[in-house]
Amino acid sequence: MITREEIANVLDQPVYDGDGNKIGDAKHVFFDDMTGRPEWVSVKTGMFGSTESFVPIRDAALVQDHLEVPYGKDQVKGAPSVDVDAGGHLSETEEHRLYDYYGINWDSVLSEAERTDDDRFATGLGTAGAAGAAGTAGAAGLAGTAGTAGAAGTAGGKTGREDAMRREGMRGDEAMTRSEEQMHIGVERHESGRARLRKYVVTEEVQQTVPVTHEEVRVVREPITDANRDEALAGPEISEAEHEVTLHAERPVVETETVPVERVRMTTEELTENETVRGQVRKERIEAETESFTEGETKNARDDKRRGGK
C-alpha cells in the first residue's frame, strides 16, 4: 500500500500493470476523506496523455522508478470516465461506480473507513464526532502535488469534508497549486485507401479508306489497214468464234499486329493541408473567500463555526 510519504515518488512517474506493460503516467492522487489514506491514482493514457483513467492505489506498489498496479492495461484504459468537480473532489457516486468496475466490495470499503474513523476518534485525532461516517466514507479528495498537510479530520457532514479537502490541497506555506490541462496535437499515419493499375481489352471500330482497282471489258474496233491486214485475213472467211478475257479486281485485306505504344506506372505524392482539431481541456480556478465574525467571538468559537459545530 502506498503511504502519504510516498506520494511525491508517485506523481508523474510511469504506471505499469502486473505483466510489465506501461499504462501511462501518474497524474493525481486522491485521498479518502474518512481514512486520510491514498485511495485512487489517475493515470494519463492515450496519445500524448489525452485520457485520464482512475486506478485503485490500495494494492499498488512502488517498484524502483515506477508504480505497479494489479490491473491489466486494457482494464485500466476501459475504466469508466468520471467527473471530478472544480474543487478536485471525487464524488461518492463516482467512486462507487469505480469500485464496482474494479470488483472491489463497497461494504468492505465502508467497514474499513468506519474502523479507521473509530481508531482516529479513540486516539484524539478527529476534530469532530463520527456521526454520519458511513454516509461519507466513499468520498475522496484530490491531493496537491505531494502536499504536506496533515491528516484530514473526521468531521461529519459536507462542511468537514470540504475543509479537509482544502487542507489536502495546501502546501506548507498555505499556497495552492493551480493546474490545467494542455492539449498536444500529433498525427498518425494510417491507410486511407488503395490504388491499382488494371489492364483490360476493349474492341473499337476502326474506319479507313483505301483505293482498290478492278478491270472492266471495253470493246475496241479498229479499221483494216495495211498494217493489220495479214492478221485480219489469217482466219476463215466466215465462221463463229469466241475469245475470253479474264477480268481482275482488288479488294481490301485486313490483318492486325500488336505493337507497344506506351508505358503506364503509378507514383504517390504527399499533399499537405490544414485540418482544425478541437478538444476540451480542464483548468483549475482559485478564488479567495472571506468570512466575517461578530464582534466578541472567541477564536475557538470561530473555529467551531468554521467546522460546522455549534
Side-chain angles (χ1 to χ4, degrees), residues 1-18 20-46 48-71 73 76-77 79 82 84-90 94-95 98 102 104 109 112-113 116 119-120 125 127 138-154 161-182 184 281-286:
M1 177 179 292
I2 304 301
T3 64
R4 299 174 65 91
E5 292 74 16
E6 294 175 314
I7 297 301
N9 299 325
V10 172
L11 297 179
D12 298 324
Q13 295 302 314
V15 179
Y16 287 79
D17 63 12
N21 301 311
K22 182 179 178 181
I23 302 174
D25 296 320
K27 187 63 177 178
H28 298 102
V29 173
F30 285 74
F31 290 84
D32 189 283
D33 285 348
M34 296 304 300
T35 64
R37 293 185 306 204
E39 191 69 20
W40 299 95
V41 59
S42 64
V43 183
K44 285 287 188 179
T45 62
F48 302 108
S50 57
T51 305
E52 192 168 359
S53 301
F54 281 75
V55 191
I57 201 174
R58 55 172 51 200
D59 295 324
L62 278 175
V63 181
Q64 295 179 350
D65 59 347
H66 67 269
L67 182 68
E68 186 173 298
V69 296
Y71 302 100
K73 179 179 181 180
V76 174
K77 286 189 173 183
V82 298
V84 178
D85 63 28
H89 199 274
L90 184 64
E94 298 286 15
E95 192 174 20
L98 286 171
Y102 285 104
I104 299 175
V109 175
E112 181 181 351
T116 303
D119 293 340
R120 291 163 59 87
L125 295 178
T127 59
L142 172 63
T145 54
T148 59
T154 58
R161 292 198 302 274
E162 291 180 346
D163 186 58
M165 180 185 63
R166 286 196 295 270
R167 289 200 299 273
E168 288 294 346
M170 294 224 177
R171 292 178 179 268
D173 56 0
E174 295 186 352
M176 285 186 176
T177 298
R178 189 182 70 84
S179 302
E180 65 182 35
E181 295 178 340
Q182 296 181 347
H184 301 278
V281 295
R282 297 180 301 171
K283 298 182 178 181
E284 296 177 345
R285 294 288 186 261
I286 298 176

For this session: For Arg178 and Glu284, indicate whether the former's side chain and the latter's backbone hold a donor-acceptor pair under 3.5 Å.
Result: yes
In this structure, CG of Asp25 is separated from CG of Leu67 (nearest 0.5 Å) by 11.0 Å
Under a 4.0 Å N-O cut-off, is there an ion pair linking Lys44 with Glu181? yes
**Prompt:** Is the backbone N or O of Val76 less than 3.5 Å from a side-chain atom of Ser53, with the two atoms forming a donor-acceptor pair by type?
**Reply:** yes
Between Ala26 and Val15 the two heavy atoms that sit nearest each other are N-CG2, 3.7 Å
Sorted by chain and number, sequence neighbours left out, side-chain contact (heavy atoms from CB on, under 4.5 Å) with Gln13 holds for none
Tightest non-hydrogen contact, residues Pro56 and Val69, listed as O-CG1, 4.5 Å
d(Tyr102 OH, Asp59 CG) to nearest 0.5 Å is 12.5 Å
Correct closest heavy-atom pair for Lys73 and Asp17 would be N-OD2, 3.1 Å
Taken in chain and number order and not counting sequence neighbours, the residues that satisfy side-chain hydrogen bond (donor to acceptor under 3.5 Å, both in side chains) with Glu68 are none
| Side chain of Glu39, backbone of Phe30: donor and acceptor closer than 3.5 Å? | no
Relative to the ring of Trp40, is the ring of Phe54 parallel (under 30°), tilted (30 to 60°) or perpendicular (over 60°)? perpendicular
Sequence neighbours excluded, the answer for side-chain contact (heavy atoms from CB on, under 4.5 Å) partners of Tyr16 is Pro14, Lys22, His66
To the nearest 0.5 Å, atom NZ of Lys27 lies from atom CG of Asp12 at 5.5 Å
